[in-house]
Amino acid sequence: MAQDCRSLRPMETDGFQVVTEVVTHKLNHIPIFKGDFASLSPKVQRFVAEKAELMNPAGIYICDGSQKEYDDIVDKLVERGVLTPLKAYENNYLCRTDPRDVARVESKTWMVTKDKYDSVCHTPDGVRPIMGQWMSEEQFGVELDARFPGCMAGRPMYVVPYSMGPIGGPLSKIGIELTDSSYVVLCMRTMTRMGQKVLDALGDQDFVRCIHSVGLPRPVKQKVINHWPCNPEKVMIAHRPKEREIWSFGSGYGGNSILGKKCFALRIACNIGRDEGWLAEHMLIMGVTNPEGEEKFIAAAFPSACGKTNLAMLTPTVPGWKVRVVGDDIAWMKFGADGRLYAINPEAGFFGVAPGTSHKTNAMAMESFQKNSIFTNVAETADGEYFWEGLEKELKEKKGYTDEQLKHLEITNWLGERWHIGDEGKAAHPNSRFTAPAAQCPTIHPDWEAPQGVPIDAIVFGGRRPEGVPLVFESFSWEHGILVGALVKSETTAAAEFTGKNVMHDPMAMRPFMGYNYGKYLEHWIKLGKAPNKAPKIFHVNWFRETKDHKFLWPGFGDNIRVLDWILRRVSGGDEDIAVETAIGYVPKRGTINLDGLPRIDWNELMSIPKAYWEEDIDESRHFLDSQVGSDLPKPIRDELDKLEKRVHSL
Ligand SMILES: Nc1nc2c(ncn2[C@@H]2O[C@H](COP(=O)(O)OP(=O)(O)O)[C@@H](O)[C@H]2O)c(=O)[nH]1
Ligand SMILES: C=C(OP(=O)(O)O)C(=O)O
Ligand SMILES: [Mn+2]
C-alpha cells in the first residue's frame, strides 16, 4: 500500500525539504519534514503512523510551537498568496477563504456512538433531534472510507500537540491534531498552548485524537478559490466521544477545523466532564470588581455571535468598576473541595466575530489584535488596515476624512473585490473573525492561567430576544436556573449556516455543541448543584429587546456593567431591597439599576413580562422539551416548567 501511495504522491511538497525518512512497522518511507519522530511517545508514534498511512501525506511535520516555526509557516503562506500582510500593523495577516467555507455547518456535524441514545434524546417518531446529530458506527465507517484514504496526498501532515488549559494543570487536557492546513496550525498556536512542551508534559499518557483534512488531495481536480482548499460537498465533522476522537473533513473554517475549540473543548469535553464530574460549557469567564474593590467572577453562556466576547472584554461606562477577562468562549468548571465552582478558560486566544467590533463597542478586543493576529474574511483598506462593518466612523475620525472622502475610500471586500462604503453587499463576511493571543488583551486577568481556575459566583444565560424577555431576571433556585438555561432561545446569527432571523432554541447555548444525550446533560447539571456543593445563582439577561420599530431598548456593551452591578449585589445577599418577585424570576426593583448618564430608557417596555407572550412561549417551550428531550427530560426540570406555567397563568 505504501508503495501505491507513494506513486500517488505528487511532486509538490510545499517547499519542505526532507530531513529524515523513518521506517516503522506500519509505514514505509514517509518522509519527516520536521521534528524527531523517534522522540514521540509510543502512543503518539502509533497514532501518527497509522493516520499517515491512511491519509498518505507528502510528509510529516511535527510542530514544536516556536515563534520561528510560526514565522516560517507565515512566510510560506504569504508567498503562496494564502495570507496577505496587513501592513499597517506588526505581524497581522488577512486570510480569505473559499466563500463557501465561512461558518460552522451544524447539519454536517455528528456524534458517533454505538447506542444512538448516548448521543441524542428519545424524540418521538418523525422528530429530527436538533440537540446533536447521531451517526452509527457502521455509517461512520462508510463515511470515513469515502473521505480519508489518501486525502492528504501531496500535502504535509502537521502534528499539532496542544493543551487545553495551562499545561499540566489539574483541569487541563491534552490533544493532538493532525492537519493538512497550515492556517489551522497557525490558529492552533494562538488558540491553545501548542508544541514540544505539551509532548514533554504528555509522557506516555493518552490524549484526544484529532484528525483534520481540508479534503482536497493533490493533484487537485477542482479549481481552488482564494488558495483555500476545501471540499464543501463532503464536509463531515464527526466525533467519537467514547474513543475521544474527532474526524473533521472538508472545511478549514475555525469552528470546524481548530479542533481544540468547539469539537474538543465542548463536544468531547462535555463527555469527559460527565464521566469525571465536571462541566464543559459555552461560557465566557470574567472578573468584575466593584468600586469598593471586591471582585467576583461570572460565567455567562450566550449562543454564538450573541455577545460573549464583548461582555468578557467590557469597558465599564460607570466609574469605579473594573472588568477583567478570564475567557471569552469556553469554560471548564468543577466544584472544589470547598464546595465552590471553579472555572478555567481552556483556550489561549480569542477567535472573535469581527463585524461590530470597534473602539466604541469593544476597545479591549481592538487592543488585543493590533499585532500577531489573523483576520479571516474581513475587508482591507488601501492603507493595509483591516476593515469591517462598524469601523466606518472610527476610520473617518482616525484619518480625518470628510464624508465624501470616506465614501470614495478604496476598500477590498472579503471576496477580494473593489468596494466602497455604501456599495451593495458587505465589506466583511458577517461571520468574519479575528484570531488573537489572549495575553495581548490589556484587561486579561492576572489569574487567567491559574491552573485551578477562578471561583464562579454567578452563572448568566442569555440570547437575542427581540421581544417579551426583560433585560435581566434571577432564577428562584438551581433547578429553576437550569430550566432557564434549558429554554435559552436566540435569533439565528451568521456563525452557522442558518439564514434569516428566526428565533431558535439554543439550550444552554449548547445546541451546536452538545456532546451527549441532552436530557442526561441536564441531569448532570442538577446533580452537581446538590449539597455540599454550593451552586452559584443563575441569571438571564437580554441585551437585544427591541422597540416596535426595531431599535434596541438597551444601549448594551459598556453599559451592561449596570446590569452586572445588580447581579452582583444579588449575589452578595445582604439586606438590600432591590428585587421584585415575578412569575419568571426576580427582576430589579425600579430604580435599582443605575441609569445615570444614559439617554432615556423605556423601563416599562424593557422590563415588562407580557402575559400573552409568556403563555405562548411556555406552550412552545413545552412542545420543544416534549419533542426534543422527551422521556429523557429530568423530572425536576419538568416540575419547574409546571411551576413556571402556573405562575405565568396567574400573572
Ligand atoms: N446591541 C448589542 N449588540 C451586541 C452586544 N454585545 C455584543 N453585540 C454584538 O453581537 C455580535 C457578536 O458579539 P460577540 O461578543 O462577538 O459574540 P460571541 O460570538 O458570543 O462571542 C457583535 O456584532 C457585537 O457587536 C450588546 O450588548 N448589545
Ligand atoms: C467560534 C465560534 O464561536 P462564537 O461565535 O461562539 O464566538 C463559532 O461559532 O464558530
Ligand atoms: Mn466570541
Side-chain angles (χ1 to χ4, degrees), residues 458-491 503-508 519 522-523 525-526 529-530 535-548 553-554 563 566-567 569-571 573 575-593 601-651:
I459 290 176
V460 179
F461 291 106
R464 290 175 182 264
R465 299 294 290 270
E467 41 170 344
V469 180
L471 178 64
V472 59
F473 63 92
E474 176 191 329
S475 63
F476 293 121
S477 64
W478 180 247
E479 280 82 6
H480 176 226
I482 296 173
L483 176 73
V484 168
L487 295 182
V488 164
K489 293 192 217 180
S490 191
E491 260 182 353
V503 174
M504 279 175 76
H505 281 276
D506 195 342
M508 319 296 267
L522 292 176
E523 231 166 71
W525 263 77
I526 295 170
K530 288 199 193 312
K537 280 188 190 244
I538 298 180
F539 297 81
H540 187 282
V541 297
N542 178 25
W543 317 138
F544 299 95
R545 196 167 189 175
E546 293 176 5
T547 59
K548 287 192 183 58
L553 280 157
W554 179 249
V563 178
W566 186 82
I567 287 176
R569 273 147 71 207
R570 288 296 296 166
V571 167
D575 43 19
E576 259 196 311
D577 181 19
I578 58 171
V580 187
E581 190 174 331
T582 73
I584 64 169
Y586 297 108
V587 301
K589 217 172 184 171
R590 205 186 181 108
T592 62
I593 287 200
I601 298 288
D602 188 342
W603 181 263
N604 290 338
E605 192 64 27
L606 185 63
M607 295 306 302
S608 69
I609 302 167
K611 182 174 182 181
Y613 177 90
W614 277 90
E615 281 184 328
E616 203 187 311
D617 191 72
I618 285 168
D619 283 349
E620 193 279 328
S621 294
R622 187 179 289 283
H623 173 73
F624 168 76
L625 293 174
D626 283 343
S627 63
Q628 285 294 331
V629 200
S631 57
D632 292 308
L633 187 69
K635 186 167 179 303
I637 302 301
R638 190 174 290 283
D639 292 348
E640 286 298 331
L641 183 66
D642 293 343
K643 288 196 273 181
L644 173 65
E645 184 168 38
K646 271 210 196 86
R647 292 194 302 264
V648 166
H649 280 319
S650 56
L651 258 175

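Owing to the predicted nature of the structure, the values given are computational and were not obtained by experimental measurement. These numbers come from the heavy atoms of this one structure, side chains and all, not from hydrogens, waters or symmetry mates.
- The shortest non-hydrogen separation linking Arg569 to Ile578 is NH2-CG2, 3.5 Å.
- Considering OG of Ser621 and CH2 of Trp614, their distance stands at 8.0 Å, rounded to 0.5 Å.
- Partners of Phe476 under the ring-ring contact (aromatic ring centres under 6.0 Å, His included) rule, at least two apart in sequence or in another chain, are His480, Tyr586.
- Qualifying side chain to side chain contact (heavy atoms under 4.5 Å, CB included) partners for Met504, counting only residues two or more places apart in sequence or in other chains: Thr492, Phe498, Arg511.
- Listed here is the closest heavy atom pair of Ala486 and Pro507: O-CB, 3.5 Å.
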Leu487/Leu641 under side chain to side chain contact (heavy atoms under 4.5 Å, CB included): CA gap, chis, key distance, verdict: CA-CA 10 Å; Leu487 295 182; Leu641 183 66; 4.2 Å; yes

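- Residues satisfying the side chain to side chain contact (heavy atoms under 4.5 Å, CB included) test with Lys646, not counting sequence neighbours, are none.
- For residues 577-593, the salt bridge (charged side-chain N to carboxylate O under 4.0 Å, His left out) pairs, not counting sequence neighbours, are Asp577-Lys589.
- Across Pro634 and Gly519, no two heavy atoms sit closer than the pair CG-O, 3.6 Å.
- Looking at Val629 and Ile637, their side chains never come closer than 4.5 Å, going by heavy atoms from C-beta outward.
- Every residue meeting the salt bridge (Lys or Arg N to Asp or Glu O under 4.0 Å) condition with Lys489, not counting sequence neighbours, appears here in chain and number order: Asp617, Glu620.
- Side-chain N or O atoms of Ser608 include none that pairs as donor or acceptor with a backbone N or O of Pro610 at under 3.5 Å.
- Partners of Lys611 under the salt bridge (Lys or Arg N to Asp or Glu O under 4.0 Å) rule, at least two apart in sequence or in another chain, do not exist in this structure.
- Between His649 atom NE2 and Glu615 atom CD the span is 5.0 Å, to the nearest 0.5 Å.
- Here the closest heavy-atom approach between residue Val563 and residue Val541 is recorded as CG1-CG1, 4.1 Å.
- In this structure, Lys548 has no salt bridge (Lys or Arg N to Asp or Glu O under 4.0 Å) partners at least two apart in sequence or on a different chain.
- Residue Ile609 holds its CD1 atom at 3.5 Å from OG1 of Thr582, rounded to the nearest 0.5 Å.
- Between Ile584 atom CD1 and Ser475 atom OG the span is 11.0 Å, to the nearest 0.5 Å.
- Annotation for Pro466 and Glu491: closest pair CG-OE2, 3.5 Å, computed over non-hydrogen atoms.
- Looking only at side-chain heavy atoms (C-beta outward), Glu645 and Asp619 come within less than 4.5 Å of each other.
- Side-chain contact between Asp602 and Thr547 is absent, with no heavy-atom pair separated by less than 4.5 Å.
- Side-chain polar atoms of Thr592 and Arg570 form no donor-acceptor pair below 3.5 angstrom.
- With Asn542 contributing its side chain and Arg465 its backbone, the two residues share a donor-acceptor pair below 3.5 Å.
- At distances below 3.5 Å, not a single donor-acceptor pair connects side-chain atoms of Trp543 with backbone N or O atoms of Gly462.
- The salt bridge (Lys or Arg N to Asp or Glu O under 4.0 Å) test applied to Glu605 returns no partner, not counting sequence neighbours.
- Salt bridge status for Asp642 with Lys635: absent, with no side-chain N to carboxylate O gap under 4.0 Å.
- Proximity of Val571 to Phe539: side-chain heavy atoms (C-beta onward) are separated by under 4.5 Å at one or more points.
- Remark: Trp478 pairs with Trp525 by the ring-ring contact (aromatic ring centres under 6.0 Å, His included) rule, at least two apart or across chains.
- One finds the CD1 atom of Ile618 at 8.5 Å from the CZ atom of Arg647 (value rounded to the nearest 0.5 Å).
- Partners of Phe473 according to the ring-ring contact (aromatic ring centres under 6.0 Å, His included) rule, which considers only residues two or more places apart in sequence or in another chain, are His540.
- Interatomic distance, His505 NE2 to Gln628 CD, rounded to the nearest 0.5 Å: 9.0 Å.
- Residues Gly529 and Ala535 come closest through the heavy atom pair O-CB, 3.7 Å.
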Verdict with reasoning, Leu471 to Arg545, per side chain to side chain contact (heavy atoms under 4.5 Å, CB included): CA-CA 7 Å; Leu471 178 64; Arg545 196 167 189 175; over 6 Å; no

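- Among residues two or more places apart in sequence or in another chain, the ring-ring contact (aromatic ring centres under 6.0 Å, His included) test is passed with Tyr613 by none.
- The salt bridge (charged side-chain N to carboxylate O under 4.0 Å, His left out) pairs that include a residue from residues 625-634 are Lys520-Asp632, Asp626-Arg638, where partners are two or more places apart or lie in different chains.
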